[in-house]
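In what follows, a structure is listed as structure tokens, so that the remarks can point back to it.
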Amino acid sequence: MERRLAAVLIADVVGYSRMSEIDEEGTRIRFHTDLHELFEPKIATHHGRLIKTMGDGILVEFHSVVDALRCAVKIQQQKAERNAALRPEQRMLFRIGVNLGDVIVEGEDIHGDGVNIAARLESLAQPGGICISGTAFDHTVHKAEVGFSCLGEQQLKNIVDPVRVYRVLLDPSEAGKVVASRRPRRRAIILATLAALLIAAAAIVFAWQWPFVPQRPSVAVLPFANLSSDAGQDYFTDGITDSLIADLTMLSDLDVIGRNSVFAYKGKPLVLADIGRDLGVRFVVEGSVQRIGDQIRVNAQLSDAASGDHLWANRFNRAAADVMAVQDELSRQIAEALGLKLTQSETERITHPPTANLEAYDYYLRAEQATRTGRRSRLLEALALFDKAEALDPGFAEAFAADAHATAYVWRSAYDDVLQSALARKRAYEKASRALALDSALSSPYAVLAVMQVVDRRYEQAVTSAQQAVSLGSADAEAHMALAYVQLFSGNHAEAGAAVDTALRHDPNLSAINRYTAGLVFYLQRDYTKAIDSFERARDGSPGNGDFVTPLAMAYVRASRLDDARATVAEGLRFLAGRDSLAAWRISNAHFRNEQDLAFILDALREAGLPEWPFGFKGNEHERLHGEEIASTVMGKLLRGKTEPSGSPALMQIERDGKAVFRSTTQMVTGTVFVNGDMLCEQSENAFGRADCGPIYRPANSPAETSYAYVNSTKVFYFSPVK
């Protein structure tokens, strides 16, 4: 039997089984394309030998472990570039493990611990990432353009001795770094060794059944299935799932995957091992809900994701009015099955129902379902449903908190057709404050306040509120993304990036608006690969929403993909009917504390072809009015005309003291008007209370019965003054 020292590389596809169930032939074709066009050329360039493929896995041998690592790095970097040009459902991600160790040679094949350790390292790697052993690290450190993060000694399945593990840092900015784990003190090592000897026999038996146990258990609560004959009961079933996630998230010794990630599996075939691996969790909760009249039946089970073994299961047959009690029992029994010891405060929070009024709870669940669509028509419906829930139970803190979150989204998105900006701002502040008055331990109202405060340029106060949200909701991805947003606009890019990283650990599949925020963070950190990925996910997570299309263009520009950038701007303008412009971006993002951050965004969008003014308006500088001309033309006058591109009639009444009102068939805005330099400015409670300024022209080709054109971030108004 021949043995030799070899560098071993093992790669496999993340979520291959799930992708095959959806499109077996297409998945296989993509795998073989990557094998022949990516892996084989890189293996040859780095003097490796492809031993074999194993389903979705690839085994490669190298004479040099430096070559093995460099090959792995090039593969992951080139694969990331390829994926950036694909839609999410077309992307294939690989994990790679690299080890230097002894192998057994049999003909053209190799096996043994050297191969087994590489396989275990691959399973520890992040999607698109690389993990290497300590022996590989010792020979490659400072010999590749990468950094390393020490994960310490890991007990790998079926490997007797612990193995030092290092995660490879592929970001060019981290090249040469070695982030070391803290070494335990000698005394701690001795005590740990003695303790290990005392429990060795039990540990050996346990290890066979439970090969790797993280310090903190992690769980994903999959969307419960609606077994009711009425599909309209989805909101009720989803509500039970959401409540269970929320209850478990409050437990300090448990990591829980966020809603957006788990609901990606709704209605799809479930393979627990793939879900556990893709989401990085050890346990999975599944269940179903059946509502028949005034009765509900809830089935639930807790499983080990790797083995599929059921650790706990139960069935609840109750009156629908007892739904909160069922949710309480579900949370407590799952916590017990996971071996968690709840603190008194955790027990009290779980056992305290959000409301005793079933009708109020039903309105709340319907409102939450409507909110999550993100569609303007459903948001208006959601606010009305929240009003009903709050009227039925004025002490329903969670309803006020969810209302504040939805209203802040309306305000932040400037959906004036849902609720005028000033009213939305007032409502969001009031609802968040009411929620905290009822329950000061809720994290989401602090997150809402933080976002609103940073838009109001109260930066320090915003950071404090966001940090409070994170403190109360340490496993809440929304709280971490609120902190990321606040830190981003406060100019603290590193802190914003750290908050995004934490949010992604709790919810790898963030909502569209949070993906947009993450994209901005990566963009301003100059990580354009991650920015493109985040902006693409935001776009794909909210189909048809132009607000999440145009941002992608700025990242394309910085990645030297100018044709893609210009095509993206054109697509965004189609979705937004020409309303998008640099002026709109300038006013809606004026709360950047560092002006150069906003300039870095606007410069790229300008290069991508985003027009300065809405509807593609372009003025001739020779026809532009100056400050005194503007004042004499409009102050104290009634301006009669039409708005473009529809040609709808419009009026603007401006008093001599600046008080003004603008009316069109779709809009009525009151405020004040003043001249600033060579611009006419409108100050109202819309546009986040900011002055919306623009030039006035006397165009030679002005539409009939009009003499002037006034343009700002929201309108093109052709008019003639009426004395």
Side-chain angles (χ1 to χ4, degrees), residues 14-22 88-89 127 214 216-228 231 233-251 254-291 296-316 323 326-338 340 350 365 368-369 372-373 475-478 503-511 541:
V14 177
Y16 186 88
S17 299
R18 175 171 52 83
M19 290 189 290
S20 292
E21 289 178 356
I22 298 171
E89 66 272 13
R216 287 167 58 91
S218 52
V219 64
V221 181
L222 299 180
F224 280 29
N226 174 21
L227 300 185
S228 306
Q233 289 296 317
D234 267 5
Y235 78 92
F236 188 82
T237 302
D238 290 350
I240 289 180
T241 308
D242 290 332
S243 295
L244 181 55
I245 292 172
D247 282 349
L248 295 178
T249 298
M250 290 188 295
L251 306 184
L254 181 65
D255 289 329
V256 185
I257 295 297
R259 184 189 197 276
N260 289 296
S261 291
V262 294
F263 268 78
Y265 294 95
K266 185 174 180 178
K268 297 180 179 178
L270 302 178
V271 180
L272 295 189
D274 288 344
I275 293 170
R277 186 172 62 181
D278 292 349
L279 297 180
V281 295
R282 179 66 183 179
F283 305 104
V284 172
V285 176
E286 303 170 87
S288 63
V289 179
Q290 187 174 23
R291 188 176 186 182
I296 58 169
R297 174 179 295 170
V298 179
N299 290 304
Q301 62 187 31
L302 173 70
S303 303
D304 183 303
S307 67
D309 293 339
H310 295 334
L311 306 178
W312 166 88
N314 206 347
R315 172 182 293 178
F316 304 87
V323 61
V326 171
Q327 291 171 179
D328 162 30
E329 292 183 45
L330 270 174
S331 303
R332 285 191 297 103
Q333 291 182 23
I334 289 172
E336 290 171 5
L338 290 171
L340 301 178
I350 286 180
L365 294 181
E368 282 283 77
Q369 184 192 51
R372 289 194 176 97
T373 66
D476 183 358
E478 289 285 339
L504 286 169
R505 286 200 297 272
H506 292 294
D507 196 350
N509 185 29
L510 296 171
S511 65

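Values reported hereafter were calculated over all heavy atoms of this structure, with side chains retained and with hydrogens, waters and symmetry mates removed.
Partners of D247 under the salt bridge (charged side-chain N to carboxylate O under 4.0 Å, His left out) rule, at least two apart in sequence or in another chain, do not exist in this structure.
Looking only at side-chain heavy atoms (C-beta outward), Q333 and N314 come within less than 4.5 Å of each other. Proximity of R297 to L227: side-chain heavy atoms (C-beta onward) are nowhere separated by under 4.5 Å. Residues R282 and D304 form a side-chain contact, since some pair of their non-hydrogen atoms from C-beta on lies under 4.5 Å apart. Residues V262 and V221 fail the side-chain proximity criterion, which asks for heavy atoms closer than 4.5 Å. Contact check for F283 versus I334: no side-chain heavy atoms found under the 4.5 Å cut-off. A heavy-atom distance below 4.5 Å is found between the side chains of D234 and K266. Side-chain contact check for L279 versus P508: some heavy-atom pair is nearer than 4.5 Å. With contacts defined as side-chain heavy-atom distances shorter than 4.5 Å, the pair V285/L302 qualifies.
The line from OG of S243 to CD of E368 is 9.0 Å long, rounded to the nearest 0.5 Å. If you take OG on S261 and CD1 on I275, they are separated by 11.5 Å, rounding to the nearest 0.5 Å. Atoms CE and CG, from M250 and D476 in turn, are 11.5 Å apart once rounded to the nearest 0.5 Å. The line from CG of L272 to CG of L222 is 7.5 Å long, rounded to the nearest 0.5 Å. The CG atom of D507 sits 11.5 Å away from the CZ atom of F263 when rounded to the nearest 0.5 Å. Between the OG1 atom in T237 and the CG atom in L365 there is a gap of 10.0 Å [rounded to 0.5 Å].
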For this session: Carefully, step by step, assess V326 and I240 under the rule side-chain contact (heavy atoms from CB on, under 4.5 Å).
Result: CA-CA 9 Å; V326 171; I240 289 180; 6.0 Å; no
Exercise. Between H506 and D255, does a side-chain contact (heavy atoms from CB on, under 4.5 Å) hold up when you go through it step by step?
Worked result: CA-CA 7 Å; H506 292 294; D255 289 329; 4.2 Å; yes
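Closest approach of A305 and G276 over heavy atoms only: CB-CA, 3.8 Å. Between R277 and Y16, the shortest heavy-atom distance links the atoms NH2-N, 4.1 Å. In terms of heavy-atom proximity, A337 sits nearest to W312 at CB-CB, 3.7 Å. Looking at every heavy atom in both residues, G280 comes nearest to S218 through O-OG, 3.7 Å. Minimum interatomic distance between D242 and R259 (heavy atoms only, all atoms of both residues): OD1-NE, 2.6 Å. What you find for S331 and L248 is that their closest heavy atoms are O-CD2, 4.1 Å.
R372 and D238 are not joined by a salt bridge, as no carboxylate oxygen comes within less than 4.0 angstrom of a charged side-chain nitrogen.
Listed for the N299 side chain is no donor-acceptor partner under 3.5 Å among the backbone atoms of S288. Remark: side-chain polar atoms of S228 are paired, donor with acceptor, to backbone N or O of R291 under 3.5 angstrom.
Paired with V219 under the rule side chain to side chain contact (heavy atoms under 4.5 Å, CB included), one option of V281, T249, L254 passes, and it is L254.
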